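Lettering follows sequence order; numbering is per chain, from 1. Note that the structure is predicted; figures quoted are calculated from it, not measured. When reading the values below, keep in mind they use all heavy atoms of this one structure, side chains included, and skip hydrogens, waters and symmetry mates.
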Amino acid sequence: MTSTKSFVWCCALLRRCAAKTLSPYPMCTSNLINSKQLLVPTSKIRERSYSMTDAGSTSFAKAFEEQEKIKEDLNLISTHKVPKEIDTKTASFATLLRYSPFISLGDFQGKQLYGRVVEVLDDNLFIDYGGKFLCVCKKPRDSPSDVGPGSTVQIKLLDWELSARFLGATKDITLLESEARIFKVEPKVSRKGPNPVDVN
Amino acid sequence: MSVIKFLQKTFYRRITNHTTVNLKIAKRSIQIQPNSDRSTEQTLINPLQHEDYFGVRKLVTVEDLFNARVHYGHKEGCRNQNMQPYIFGCRNGVDVINLDETLEHLFQALNFLSHVVYADGIILFIMHSHIYGHAVEKMARECGEYALTRTYYRHYFLTPDRHAAKLPSLCVFLSLLNNVNQQHSCISDCAKVNIPTMGIADTNSDPCLVTYPVPGNDDSLLSIELYLRLFETCVKNAKQKKKDDTAHAVDSIEKIQ
């Protein structure tokens with residue numbers, strides 16, 4: 001019991017230290033992921049780019065147009081199929097949940113998602129990917145210099161919530177954070193310009 | 001001024017300190033008898049006789065709650081057993097809160113909040129969180145009420161200085177837990193001094209001692225902003241309604257006289 005209590009106090013202390021250094025202004029909602037962009041896996045986007053090259057489009061102009069379309073679709077698509085007869089305004093909670101990205105995502109472990117940076121503190125990025133908590137990741141060394149609130153990143157989600165049952169405890173202790181690994185910080189370029197598709 | 005005081009004393013019971021608010025009893029006891037001697041127009045308004053006097057049911061839908069991520073709960077290991085009736089299910093270890101329940105509880109809570117504000121009650125918004133404390137304080141200041149976003153000490157409510165301090169009429173908790181994820185001690189103290197409470201109960205919180213619990217997410221910014229917006233709207237609407245009703249009643253009485 002004492003070990004868990006001391007762990008809880010340690011966490012509180014760490015959070016208090018972090019809070020003192022965090023900016024006093026509330027986080028801007030506009031930096032959070034739009035509801036339509038929630039939990040968008042990056043794998044779907046890469047699949048599209050491979051199919052484009054397989055189709056054998058030789059002209060550069062055609063390829064450029066496809067790239068633009070993919071970027072536009074990013075803002076509109078959901079990875080799941082919502083039946084047309086579902087009216088979200090009058091649907092019950094069960095229906096909304098059934099056709100939500102949360103369910104269609106499946107197992108969170110290892111999923112690659114798009115996230116948006118909400119806050120930057122030293123070399124830490126606080127990223128919102130549409131989940132309950134933000135994930136905190138170290139800024140990659142090769143990231144562009146203008147990374148700030150509003151930048152898009154690609155992350156690999158490792159844990160929805162960092163919580164564990166410690167020895168002797170009746171309930172889990174939670175850190176109120178997600179765990180993820182950044183594998184790309186996207187540069188801030190205009191939508192019209194060509195963007196190289198990530199080939200991993 | 002005297003007409004207004006007369007109205008306040010006769011048609012609407014002031015909710016003051018150490019008075020338990022029981023809406024069901026109030027509904028039975030307050031009955032409007034239209035006076036046959038005077039004009040048939042009812043000059044005295046009793047909001048308690050209306051199902052939804054403040055139009056609280058039009059403020060939010062299940063879709064709004066869904067988009068604000070109110071249905072996300074903690075992991076199943078963090079679950080408090082008393083939250084079990086409000087949990088829809090558990091997906092990949094993550095508890096999902098039933099928003100149909102949330103909506104109904106939210107309407108009850110907002111309706112009660114509006115009635116308390118209408119009766120000139122003092123609201124205290126409580127949220128012991130480093131991240132959202134400023135947002136709660138800002139909202140409370142904007143709607144003319146009070147906020148407590150720092151450490152709560154027992155002597156605040158249990159041994160108040162009667163000449164200096166006044167206890168709130170209602171405590172609204174944006175989260176039932178304090179900064180170390182323990183049950184906020186103010187909840188039990190409110191129960192001890194008969195102050196009704198209202199609170200957002202996440203899956204790791206205990207809703208038992210809260211008068212009007214609202215199951216929902218208390219960790220995401222979108223959810224907290226939704227709750228703050230709703231509370232602010234309700235408080236402001238209730239205050240405006242009070243002004244309008246008092247003015248209307250004064251006019252009506254002056255017409256009769």
So, does A:D107 use its side chain to make a donor-acceptor pair with the main chain of B:N92 at under 3.5 Å? no
Quick one: pull up CZ in A:F93 and OG1 in B:T102 and give me the separation to the nearest 0.5 Å. 8.0 Å
About how many Å separate CG of A:D128 and CG of B:L222, when rounded to the nearest 0.5 Å? 7.0 Å
I need the B:E63 CD to A:D87 CG distance, nearest 0.5 Å. 8.0 Å
For the residue pair A:E161 and B:C78, what are the closest heavy atoms and their distance? OE2-SG, 4.0 Å
Nearest non-hydrogen partners of B:F66 and A:S100, listed with the distance: CZ-CB, 3.5 Å
Answer with side chain, backbone, both or neither: which region of B:I97 has an atom nearer than 4.5 Å to a non-hydrogen atom of chain A? backbone
Let me confirm one number: the NZ-CG distance from B:K75 to A:D172, rounded to the nearest 0.5 Å. 8.5 Å
Output the option from B:N80, B:T61, B:V96 having the highest count of non-hydrogen pairs under 4.5 Å with chain A. B:V96
Polar side-chain atom of A:K132 near backbone of B:D219 as donor-acceptor pair, under 3.5 Å: no
A:D159 versus chain B, the contacting section by heavy-atom distance below 4.5 Å: side chain
Cut-off 4.5 Å, heavy atoms of chain B, and the answer for A:A164 is neither
Applying a strict 4.5 Å limit to non-hydrogen atoms, the region of B:H74 in contact with chain A is both
Could you label the plane-to-plane angle of the A:F102 and B:Y72 rings as parallel, tilted or perpendicular, counting under 30° as parallel and over 60° as perpendicular? tilted
Check whether any side-chain heavy atom of A:L176 sits under 4.5 Å from a side-chain heavy atom of B:N181, and report yes or no. yes
Atom group of B:N98 that falls short of 4.5 Å from chain A, counting heavy atoms: both
Chain B heavy atoms under 4.5 Å from A:S163: which part of the residue, side chain, backbone, both or neither? side chain
So with a 6.0 Å cut-off around CZ of A:R165, is the heavy-atom count from everything else above 12? yes
